[in-house]
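All remarks here apply to the structure that follows.
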Amino acid sequence: MSIRPPGLPLLSVLVLLGGGPARSEGAPPPVMAFKFAWPVPSHVSITERIDSGREHASLKYDGVLTARKPGPGSELRFENLQQLDSDSPRSPPGVASTEDPKARLTTFTKPGLVLSGTGALTDLAGLEPAFERAVTVLETDPRARETQRARWDNPLFQTVLRDRAELTWTAWVGTWNGVRLAPGQEQTKTTALRHPNGPLEQRSTLRHQGAVAETPGAVRLEWETSLGGASYRQVVARTRELRCSAALARNASDPCAAEVLESASSVTTVELITEPNTLRPFSVRIVDTEAFTVKGQPPVIQRAERTYAFDWTRKAKQRPPTR
């Protein structure tokens with residue numbers, strides 16, 4: 001199994017060349033090289049929080065990186081999955097929850113990541129066991145677990161799980177691995193994308209915000225991608241039209257009227273605090289904002305935030321020896 005490319009290609013960055021004479025007074029800051037170099041083996045405790053219209057969740061798990069045997073590279077496994085009490089507001093009594101159980105199940109399913117020697121994600125490991133662990137944590141009732149397992153028999157759901165794993169590693173490490181950039185510098189690039197419902201242009205920007213005073217040895221990096229304009233509006237309009245047609249095919253009485261989409265945009269920002277020479281992250285914050293306006297209706301803005309906190313000081317839990 002190889003990693004399936006996500007629906008929209010990931011950011012392709014222009015590498016700036018560094019080096020040259022020593023810095024003198026008034027010279028620009030030196031270029032920094034970002035490189036994946038986590039110690040092998042290594043352990044990190046991760047706390048993840050999600051807040052969106054579809055999902056509110058808090059969870060904790062351990063990331064354990066070990067050498068891959070046989071063969072080169074390494075594998076990052078996620079163990080000791082726990083569901084934490086959420087501070088997110090609950091629906092009032094008598095009001096149906098808007099949370100999507102499929103989205104929550106996707107969040108809690110943590111397959112292992114197979115990495116090359118340079119830190120590139122090449123494969124996933126243990127997708128089905130990871131799904132089973134998520135179901136066990138989320139559902140205490142065995143009968144309810146069977147309902148969750150039924151969602152597994154859906155190719156689209158499995159694809160979402162794979163894409164989520166790839167995009168998570170991209171936000172943690174992949175975007176910056178191999179990039180060279182000076183503090184205060186940014187790169188912007190426009191990329192032509194292919195989408196089943198039409199061509200798109202994605203604008204991507206990398207920013208190196210410099211050292212983080214409260215975290216010695218760390219730097220703050222930002223990555224922003226945006227989609228908008230006429231091409232994106234047309235793709236979104238076509239997607240909504242197809243979704244409406246599918247709903248009517250399932251149920252002819254389903255209210256799904258024709259609409260005129262006047263505008264649409266999608267912006268994703270990633271803020272990463274990390275060690276530049278190892279790309280061991282301390283924190284990651286991902287914010288997805290989608291906005292659209294249908295003629296005759298007020299604008300709609302949908303926002304989702306996902307944060308990760310990494311604790312590299314905790315020791316891994318001792319597992320009983322295998323017989």
Are [X] and [Y] connected in the hydrophobic side-chain network, where two residues link if heavy atoms are under 4.5 Å apart?
X      : Y      : answer
Leu221 : Val267 : no
Val135 : Val137 : yes
Val236 : Val300 : yes
Tyr232 : Leu242 : no

Report yes if the side chains of [X] and [Y] come closer than 4.5 Å at any heavy-atom pair, otherwise no.
X      : Y      : value
Gln202 : Leu200 : no
Trp223 : Thr268 : no
Pro281 : Leu272 : yes
Leu167 : Ile286 : no
His195 : Leu193 : no
Leu138 : Gln83  : yes
Leu115 : Leu65  : yes
Val114 : Leu121 : no

Hey, are Arg303 and Glu305 close enough for a salt bridge, meaning a charged N less than 4.0 Å from a carboxylate O? yes

Between Arg68 and Glu75, is the closest basic N to carboxylate O distance under 4.0 Å? yes

Hey, is the main chain of [Y] close enough, under 3.5 Å, to the side chain of [X] for a donor-acceptor pair?
X      : Y      : value
Asn177 : Ala120 : no
Thr175 : Thr170 : yes
Thr274 : Arg280 : yes

Salt bridge (Lys or Arg N to Asp or Glu O under 4.0 Å), paired with Glu271, selected from Arg285, Arg220, Arg306: Arg220

From the list Trp176, Trp38, Tyr308, ring pair (Phe, Tyr, Trp, His ring centres under 6.0 Å) partner of Trp169 resolves to Trp38

Closest contact, heavy atoms only, [X] versus [Y]:
X      : Y      : answer
Ser266 : Glu290 : OG-CG, 3.9 Å
Ile50  : Leu59  : CD1-CD2, 3.8 Å
Ser42  : Trp312 : OG-CZ3, 4.2 Å
Leu261 : Ala237 : CD2-N, 3.6 Å
Ala304 : Ser52  : CB-CB, 3.5 Å
Phe36  : Leu279 : N-CD1, 3.7 Å

Take Glu224 and Arg207 through the side chain to side chain contact (heavy atoms under 4.5 Å, CB included) test and state the conclusion after the steps. CA-CA 9 Å; Glu224 179 179 289; Arg207 300 186 185 95; 4.1 Å; yes

Those residues that, when tested against Phe108, pass ring-ring contact (aromatic ring centres under 6.0 Å, His included) (two or more places apart): none

Would you indicate whether Ile301, at its atom CD1, is surrounded by more than 12 heavy atoms from other residues, nucleotides or ligands within a distance under 6.0 Å? no

For atom CZ of Arg164, decide whether the heavy atoms of other residues, nucleotides or ligands shown that lie under 6.0 angstrom number more than 12. yes

Any side chain to side chain donor-acceptor pair (under 3.5 Å) pairs touching residues 124-134, not counting sequence neighbours? Glu132-Arg149

Start with the C-alpha distance between Glu55 and Thr107, add both sets of side-chain angles, then the distance that settles side chain to side chain donor-acceptor pair (under 3.5 Å), and finish with yes or no. CA-CA 9 Å; Glu55 183 185 10; Thr107 289; 2.7 Å; yes

Which residue pairs pass the disulfide bond (SG atoms under 2.5 Å apart) test when at least one of the two sits in residues 130-170, sequence neighbours left out? none

Between Val160 and Lys102, does the side chain to side chain contact (heavy atoms under 4.5 Å, CB included) criterion hold? Intermediate values first, please. CA-CA 10 Å; Val160 169; Lys102 227 179 237 193; over 6 Å; no

Phe131 and Gln158: side chain to side chain contact (heavy atoms under 4.5 Å, CB included), yes or no, with the steps? CA-CA 10 Å; Phe131 174 80; Gln158 296 177 37; over 6 Å; no

Can Phe282 and Glu275 be said to form a side chain to side chain contact (heavy atoms under 4.5 Å, CB included), step by step? CA-CA 8 Å; Phe282 294 102; Glu275 291 179 342; 3.6 Å; yes

